[in-house]
Amino acid sequence: MTEGGHPWVSLVVRKTRLQIAEDPSLNYEYLPLAGLKSFIQASLELLFGKHSQAIVEKRVGGVHIVGESGAFQLGAQFLKIWRKNLKTVCIISCQNEQCGLIFRDMGFTVYEYSVWNSTDLCSDPSIFVEVLQHIPAGSILVIGNISDCRFTQNQWTKLMSIIKSKQIFPFFDIPCQGLSTGDLEEDSKFLQHFVSLGFEFFCSQSLSKNFGIYDEGVGILVVAALSNQHLLCVISQLMDYVQALWGNPPATGARIITSILCNPALFGEWKQSLKGVVENIMLIKEKVKEKLRLLGTPGSWNHITRQSGTHGYLGLNYQQVEFLVKKKHIYLPKTSRINFTCINSSNIDYITQSIHEAVMLTEG
């Protein structure tokens, strides 16, 4: 959100949207079932890097999807039919993921785990590894927002070993690449570990948030296969489900994104806008932490600025959250995870004073 409380839109997106709308040569025919080919290629290069070995070997591909949950709907449909041995879905994230509803609706048994350590007030990679050790073999592992998990090399080795030995199928969620750290490569590094080691997986790559075009709901279902032959087989089966689910994807959002990603000047401008958003988010978090310090609110609030991305945990308990919701009409989930970009100069004093009161009352 902007300082004025409106959805953020990159200026380069506004400019590109106008140029596309005024292009007299534009063809408004239906897109193919798989979607806009140039958009899929540009999205894959954004995710894995232009010179990725997996792209060169043509063992990663994608399908242009509709909406924020389209990739999970399409991927779950495929896994239900073609991987009948996969009955259990384990979701590991920092937040409640909507995809759990999709898998449940399709008959999967769903377990959800958080990597947030409420004692140490941080995302804990050891929780991730521990969860992996206990989930059933042959599960689908949905890896959501875990951008603040900092794995050691030993933890990486152990994690990969468990996934291989238990024949776990990874399904990643990359909802806002570039908005966690401001660095596009850093935000997709976790995924690149898997593709470099030759894992098969699905990935939901949403491009609505990082371009600020929420109303378009645009992204792709990324498919990483063992070979190009395997990839083509999977894509061909996915086309049947696409025809049943939505037919042809909308073009406007994909055209805007493709125009920006394929133009070096526009791409550079967009990357700078992402960095500006991330810097602003960090500034908001610093202000919240400082105001709580000046109010004398008990406890350390350093965890606020240690978290990256638009959302983060306040580290409040259930009783404190209840106070904020019922007495102060500040609506947030029980986990106390909030969107920091919704805090601005007109409400920061009220929010921090309310947090202070919640902590003081419950401490007392």
Side-chain angles (χ1 to χ4, degrees), residues 1-10 68 93-98 114-124 144-149 175-176 178-182 187 208-210 212 214-215 273-364:
M1 305 294 279
T2 63
E3 172 66 18
H6 302 291
W8 168 82
V9 183
S10 174
E68 291 289 310
S93 184
C94 277
Q95 61 191 40
N96 290 330
E97 301 286 353
Q98 292 181 341
S114 173
V115 292
W116 177 253
N117 185 325
S118 56
T119 303
D120 297 335
L121 299 177
C122 66
S123 293
D124 191 342
N145 184 358
I146 56 165
S147 56
D148 287 325
C149 266
C176 47
L179 284 179
S180 287
T181 64
D187 285 0
S208 298
K209 296 182 181 70
N210 50 4
Y214 297 89
D215 58 337
S273 71
L274 288 180
K275 287 179 181 177
V277 171
V278 171
E279 287 169 6
N280 187 53
I281 292 167
M282 289 309 297
L283 185 62
I284 292 167
K285 291 175 180 177
E286 287 285 356
K287 286 179 178 177
V288 170
K289 184 175 81 171
E290 180 61 12
K291 283 186 178 289
L292 290 172
R293 188 188 69 80
L294 292 173
L295 286 167
T297 312
S300 168
W301 298 92
N302 291 328
H303 61 278
I304 290 178
T305 49
R306 283 200 301 262
Q307 299 172 77
S308 63
T310 55
H311 292 66
Y313 288 93
L314 289 173
L316 303 179
N317 62 36
Y318 177 73
Q319 192 180 358
Q320 292 160 348
V321 170
E322 281 286 286
F323 175 83
L324 291 178
V325 172
K326 292 182 177 178
K327 301 295 184 183
K328 296 296 182 176
H329 300 282
I330 297 172
Y331 301 102
L332 66 166
K334 294 173 185 177
T335 59
S336 81
R337 193 168 187 271
I338 67 163
N339 181 349
F340 276 97
T341 69
C342 291
I343 299 176
N344 53 48
S345 57
S346 64
N347 62 22
I348 189 169
D349 288 333
Y350 178 77
I351 290 172
T352 49
Q353 178 63 38
S354 299
I355 293 170
H356 174 73
E357 289 177 24
V359 174
M360 293 301 288
L361 283 170
T362 52
E363 287 281 321

To the nearest 0.5 Å, tell me how far [X] [atom1] sits from [Y] [atom2].
X: K289; Y: L294; atom1: NZ; atom2: CG; answer: 12.0 Å
X: T352; Y: I343; atom1: OG1; atom2: CD1; answer: 8.5 Å
X: Q320; Y: S354; atom1: CD; atom2: OG; answer: 13.0 Å
X: S10; Y: L274; atom1: OG; atom2: CG; answer: 7.0 Å
X: K285; Y: T305; atom1: NZ; atom2: OG1; answer: 8.5 Å
X: E3; Y: S346; atom1: CD; atom2: OG; answer: 6.5 Å

Test I338 against I330 for side-chain contact (heavy atoms from CB on, under 4.5 Å), laying out the working first. CA-CA 10 Å; I338 67 163; I330 297 172; over 6 Å; no
Do [X] and [Y] make a side-chain contact, defined as non-hydrogen atoms from C-beta onward lying under 4.5 Å apart?
X: T335; Y: W116; answer: no
X: L314; Y: F340; answer: yes
X: E322; Y: Y318; answer: yes
X: R293; Y: E290; answer: yes

Could you tell me whether the side chain of [X] and the main chain of [Y] form a donor-acceptor pair under 3.5 Å?
X: D187; Y: T181; answer: yes
X: D120; Y: C122; answer: no
X: S336; Y: Y313; answer: no
X: K327; Y: A358; answer: no
X: H356; Y: L292; answer: no

Please identify each residue that fulfils side-chain contact (heavy atoms from CB on, under 4.5 Å) with T341, with sequence neighbours left out. M1, I281, T310, N339
In sequence, state the C-alpha distance, the side-chain angles, and the governing distance for K209 and E68, and then conclude on side-chain contact (heavy atoms from CB on, under 4.5 Å). CA-CA 10 Å; K209 296 182 181 70; E68 291 289 310; 2.9 Å; yes
Please evaluate residues W8 and N210 with respect to the criterion side-chain contact (heavy atoms from CB on, under 4.5 Å), reporting the C-alpha separation (whole Å), side-chain torsions for both, the decisive distance (0.1 Å), and the verdict. CA-CA 9 Å; W8 168 82; N210 50 4; 5.7 Å; no
Trace of the side-chain contact (heavy atoms from CB on, under 4.5 Å) decision for W301 with K291: CA-CA 10 Å; W301 298 92; K291 283 186 178 289; over 6 Å; no
Where is the tightest heavy-atom contact between T362 and V359, given as atom of each residue plus distance? OG1-O, 3.2 Å
Crowding at NZ, K287 (>12 non-hydrogen neighbours, <6.0 Å): no
